[in-house]
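Below: the structure, in structure tokens.
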Amino acid sequence: MNTKYPEYDNLDLTRIGREIETWWEENKIFEKSLALTAGKTPFIFYEGPPSANGKPGIHHVIARAIKDIFCRYKTMKGFYVHRKAGWDTHGLPVEIAVEKKLGITKEDIGKTITVEDYNKECREEVMKYKDLWDDLTVKMGYWLNLNDPYITFDNKYIESVWYLLSELYKKDLLYKGFTIQPYSPAAGTGLSAHELNQPGTYKMVKDNTVVAQFKVIRDERSEFLFRDISGDLYILAWTTTPWTLPSNTALAVGKEMDYLVVKTFNPYTHLPETVVLAKVLLNRYFPETHAALTLEEYQPGQKNIPYKVVAELKGDELTDVRYEQLLPYAQPVDGDAFRVVTGDFVTTDDGTGIVHIAPSFGADDFRTGKQNGIGSLTLVDKQGRFTEEMGEFAHRYVRAEYDKDFDPGKDTPVDVDIIVKLKKENKAFKSEKYEHSYPHCWRTDKPILYYPLDSWFIRTTACKDQMIALNKTINWKPEATGTGRFGNWLENLVDWNLSRSRFWGTPLPIWRTENRDEEKIIGSLEELKTGIDKAVAAGFMASNPLGHFIPGDMSDENYNSFDIHRPFVDDILLVSEKGEKMFREPDLIDVWFDSGAMPYAQYHYPFDKTRKLEEYFPADFIAEGVDQTRGWFYTLHAISVMLFDSVSFKTCVSNGLILDKEGNKMSKKLGNALDPFETIAKYGPDATRWYIITNSQPWDNLKFDLEGITEVQRKFFGTLYNTYAFFALYANIDGFIFKEKDVPVEQRPEIDRWILSELNSLIRSVDEFYSDYEPTKAGRAISDFVDEHLSNWYVRLSRRRFWKGEYTSDKISAFQTLYKCLEAIAQMISPIAPFFAERLFNDLNNITGRYQVESVHLTTFPVDDPELIDKSLEERMELAQKISSMVLSLRKKTSIRVRQPLNKILLPVSGDHLKIQIESVKNLILSEVNVKELEYITDAAAFLVKRAKPDYKKLGPKYGKLMKPIAETVTNFTRDEIAKLESEGQLSFSVNNSEVIILMADVEIISEDIQGWQVANMGNLTVALDITITPGLWEEGLARELVNRIQNLRKDNDFEVTDKISVRLMSRVEINLAVLNNLSYICSETLAQSFDIVDSLDTEERVAIELTDALSTFISIRRIGDT
RNA sequence: AGUCCCGUAGCUCAGUUGGUUAGAGCACUACACUGAUAAUGUAGGGGUCGGCAGUUCAACUCUGCCCGGGACUACCA
């Protein structure tokens, strides 16, 4: 066994990463950490499945670092944390990638390529970068079980998904309805959102628009509108698609918006009428210049039409006002139509502030229709023509672009004809051409329609309240993601459109008879197999493709004996109750359902009986990017609430984006995307992780700057490494291997007890931060400790104890204290910086064997010892640091170097408490600032200049408005007034004719200056320094200079720190006395066994040294034992 | 367009229930220290705390509106 702590030439985090990675693998440390905790309380974690058909980016490192941190932390807290990897494998991105690769379009599928071959391509494509992903996982140190991942295209996985769907169906939460989708009549197909986002689909077009007049029905509800008017009342609504007007079933207003009732005349029929429109849009239709015109003087046909505002009201007041159907070709059958509703989408940017609602032809319209139960009309067919019911317009194309025979010279588009009709019937208020951007089909280049298409839906709205209620029990980090983003999403929930008309995905397990009377959902493969058997018996199918499948046999072999994807599943026919043929609904399901089903499907629930659901559901913790809020977070939540009446995760950490250092989103297009592999290779995985975690809160966006990683490397890892190196250097010299018993705490010096107190305080807060899912705070706290407390104060002040003198109990105490700090830090940083922590821990533990485990990740998280925490000690050390810093600053001001000893520090103290505090750290201060003594001066000293400062927090609430003059008075208290306050305990004066009584507690009295001294102030501390240099002090200073020069020479000559030397110094009158008076000091500092002052030195061996600007001489040093 | 997040020194970030002169690191400059030396200390410059109102004795902090950056959702008469 080694007895020396390893010492390194430099810190190479990349190398440490690589070496530890290999070492983990060879020694199966991850597996051991699982074995160690097996059977303990599980901490359930879900890995959100990435899609492996794209390369991983640096932004994947952040979410995975967060996941890893808490899984490692919980493991150290004794939980069993199983982490199963997973892959999201279905969906459009995969299909697009395949189509690009093969150079085909959707239309080719089934024609130039069979669905079977196409899906085979998808299956390969989706795992294209799996190895790359696995590599990143390993290199960044994300511990995840990669050997047995769940894969969403797996037959077992699909079976679980089918089960969940069938349960939804049984609860009447799955239904077929229709939704408004972008649709290309020319191509006869719906378009996905993705297709709509292809470049060039949105083009500017000029449309004929019309403001239509909807005639209000006078009844109880609307009576108030007719108060001051006679004749007809119309609500005005604008449309760019006049062909949707026959399908109008409602009008929408903004709830809080202001509307006006305006008397005027119709510009086409010249009839008197009253109209309603938004207040802010009044002048768009009624120019202000017409305001002076009177209604009475109106001549039919005159160009400038007069108007008069007769009433003003809120949109809300119009709710449920009824109007006559504008173009009554057909009646809706499924709702209470032709009334005013409110909608949050209503704006006053265009139109009249009142929106014409045709639920069949707009997504907003559809949603509004659903929410208000107003019913719909669909008077256009899938070819884009008006239907039979449309009278004179029947069978005409709603847009001329769809009509091959349309002749612009001869024919008029149908919208023009509709507008003409409206004008004639006193139903149009204004008509004009309007240019706006409108989506076009990327394949046919013709405008698209929004059209209702059949789809399967999950009735999420039925469980909305429960989803909201359960969401409130989830611990969201940050909270705003849960209450805001996610909460709002739930508040505005619509039913989940499950259908996708694609090829590569989980098939919908629903079969229907041709006449749609009978319907069946399949919830397991066993059920399917039995069903097929019946179909075979009925003669509908020749054979059973699941013939070799044995229900209950969970082997992969059994489950891989067939493929349940399209096209095979499409060939399966079933038999209905009545003996009819049943065909599968051709849709696939939304891939998001796949990922939302992972809690159950990852373990093949409920078919695999070897695990109980509560062993892996619900999750204690998940973490992904905030972009998953309405994606994975939502689908997880929706499915678990609907089917299990439970949350599916108890804590969710959502992280922000990674931006480049300019704050732009990283993208391949911009070329600013960072390769995570390069970053890790260059800076090492730990520095990368530490930087990502500590630079900003994970939920804030991170401006990724490589220089930030360099800083982390230097500042944190460098300092920690230096501290270890310092320890190793002297521990190796003294052979410290922690074999001695712990030096009792009370026998340790103040500074040891202090750093141990700080360490235990740190352990406590870091533990709290981790358990509160605050990795940034944890990392920053550790970093502050290492930098400020451990390195810059403890080690700095304790250095001498490590290299000076014999192997005493004080030295052992120092070694033990520093060792414990390093050991606990290794443990505390191990979740964030797992590689470096491992190296640090093992470098220590391999020598001392204090832990019987071989890895830091197999230890339990350190527990703070309240006995060791001494807040008063921490406080006084802070005082020592402050005072030292103030004295150093005074030295700086007066240009007296630290090597020059000084005599005295003066410190005004107001009470015993401060004095006692400082007394116990006095020696630390004195040695740090190289001063001989510290003297306290009490209140009585006449040369103190005191000032009173008001305590705003105490006086503010008492005196309120008088605060300003009081503060001024208190600040300007004279010496006598302060003395009076101090002796009598209170002081009264009047301000603005009010009596004010100031108590001692209301002010803070500080000694700001000491007459005749160099003084520094910091808060309520004041320090004075005696800068007189006596001859004795000067000699001491010179001796120290000499020591320094000798030490430098030792180093230049590459002597070991333990080598003894002999010294000869060339005699100089000014120096000799200083040397002789401090000879023993000089010798012990430099390990000089002999020191001679000589009159001459050989030019060969002498070296010139400069002790001060004015004093130089020659010196020769020789190592004892050297010839 | 809606919802949410962010805006503090040149850069990256802290800033606790509103309370005295708004902090740290990096970078820059100068000086020191050095048996941890690719480390460290001290000092200095640098801020209308995104803007404007409001509440209050007192606003970086609370409220409203606006501006800028970002995300998600939606795509509308």
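Letters go in sequence order (proteins before strands), and every chain restarts at 1.
Stem analysis of RNA chain B (at least three stacked-register Watson-Crick or G-U pairs, each with both distances under 3.5 Å) gives B:1-7 with B:67-73, B:10-13 with B:23-26, B:28-32 with B:40-44, B:50-54 with B:62-66.
Pairs passing the salt bridge (Lys or Arg N to Asp or Glu O under 4.0 Å) check and including a residue from residues 777-793 of chain A, sequence neighbours excluded, read K715(A)-D787(A).
Residues satisfying the ring-ring contact (aromatic ring centres under 6.0 Å, His included) criterion with F633(A), sequence neighbours excluded, are W476(A). Partners of W243(A) by ring-ring contact (aromatic ring centres under 6.0 Å, His included), not counting sequence neighbours, listed by chain and number: F361(A). Residues satisfying the salt bridge (Lys or Arg N to Asp or Glu O under 4.0 Å) criterion with R714(A), sequence neighbours excluded, are absent altogether. Y323(A) is linked by a side-chain hydrogen bond (donor to acceptor under 3.5 Å, both in side chains) to N248(A), counting only residues two or more places apart in sequence or in another chain. For P478(A), the side-chain contact (heavy atoms from CB on, under 4.5 Å) partners two or more places apart in sequence, or in a different chain, are T481(A), S654(A), W699(A).
A donor N or O paired with an acceptor N or O is found under 3.5 Å between the base of A36(B) and the side-chain atoms of S791(A).
Residue R780(A) contributes atom CZ, which lies 11 Å from atom C1' of G15(B) at whole-angstrom precision. One can place CD of Q900(A) at 11 Å from P of C33(B), the figure rounded to the nearest angstrom. Remark: P of C5(B) and CG of N655(A) are 16 Å apart, rounded to the nearest angstrom. Separating the CG atom of D365(A) from the C1' atom of A1(B) is a distance of 15 Å, rounded to the nearest angstrom. Across the protein-nucleic acid pair, F366(A) atom CZ and A74(B) atom P stand 15 Å apart, rounded to whole Å. Regarding W476(A), its CH2 atom lies at a distance of 15 Å from the P atom of C4(B), rounded to whole Å. To the nearest angstrom, C1' of C4(B) lies 18 Å from OH of Y634(A). Distance, W699(A) CH2 to C6(B) C1': 14 Å, rounded to whole Å.
The P atoms of G23(B) and C49(B) are separated by 14 Å, rounded to the nearest whole Å. Look at the C1' atom in both A32(B) and G19(B): the space between them is 38 Å, to the nearest Å. Nucleotides C66(B) and C13(B), compared at atom P, are 27 Å apart to the nearest Å. When the C1' atom is used for both U17(B) and C62(B), the distance is 12 Å, rounded to whole Å. Using atom P as the reference point in both U48(B) and U8(B), the two lie 11 Å apart (nearest Å). The separation of G50(B) from U12(B), taken at their P atoms, amounts to 14 Å, rounded to a whole angstrom. Separation of the C1' atoms belonging to U20(B) and A59(B) is 15 Å when rounded to the nearest angstrom. Taking the C1' atom of each, C33(B) and G41(B) are spaced 7 Å apart, rounded to whole Å.
You'll find the side chain of R891(A) reaches within 4.5 Å of the side chain of L902(A), heavy atoms only.
Phosphate contact (OP1/OP2 of A38(B), side-chain N/O of N10(A), threshold under 4.0 Å): absent. Note on Y450(A): a side-chain N or O is less than 4.0 Å away from OP1 or OP2 of C76(B).
Checked for salt-bridge contact, E1085(A) and R1040(A) miss the test: no charged N lies under 4.0 Å from a carboxylate O. Looking at D1059(A) and R1050(A), no side-chain N of the basic residue comes within less than 4.0 Å of a carboxylate O on the acidic one, giving no salt bridge.
The residue among T239(A) and E1085(A) whose nearest nucleotide of RNA chain B is located toward the 5' end is E1085(A). In terms of position on RNA chain B, the residue among Y691(A) and L797(A) whose nearest nucleotide sits closer to the 5' end is Y691(A).
Comparing A36(B), C13(B), G41(B) against the side chain of N792(A) picks out G41(B) as the nearest. Taking only side-chain atoms of D700(A), from C-beta outward, the nucleotide of U42(B), G25(B), C6(B) with the closest atom is C6(B). Closest to the side chain of R799(A), from the set G25(B), A36(B), C5(B), is A36(B).
If you check every strand for non-hydrogen atoms under 4.0 Å, N1048(A) touches sugar and phosphate atoms only. Counting non-hydrogen atoms under 4.0 angstrom, N722(A) reaches a base of the nucleic acid. Across all strands, R714(A) comes closer than 4.0 Å only to sugar-phosphate atoms, never to a base (heavy-atom distances). Across all strands, R796(A) comes closer than 4.0 Å to base atoms (heavy-atom distances). Nucleic acid contact class of Q697(A) (heavy atoms, under 4.0 Å, all strands): sugar-phosphate only.
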Heteroatom pairs (N/O) under 3.5 angstrom, protein to nucleotides 16-19 of chain B:
unit_1	atom_1	unit_2	atom_2	d
U17(B)	O4	K953(A)	NZ	2.8

Please list, one pair per line, the donor and acceptor atoms closer than 3.5 Å that link side chains of residues 720-730 of chain A to other protein atoms, with sequence neighbours excluded.
unit_1	atom_1	unit_2	atom_2	d
Y721(A)	OH	Y8(A)	O	3.1
T723(A)	OG1	T719(A)	O	2.7
Y724(A)	OH	P6(A)	O	2.8

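Checked against the 6.0 Å centroid criterion, the rings of F704(A) and H59(A) do not qualify as a close aromatic pair.
A donor-acceptor pair under 3.5 Å is formed between the side chain of T776(A) and the backbone N or O of I693(A).
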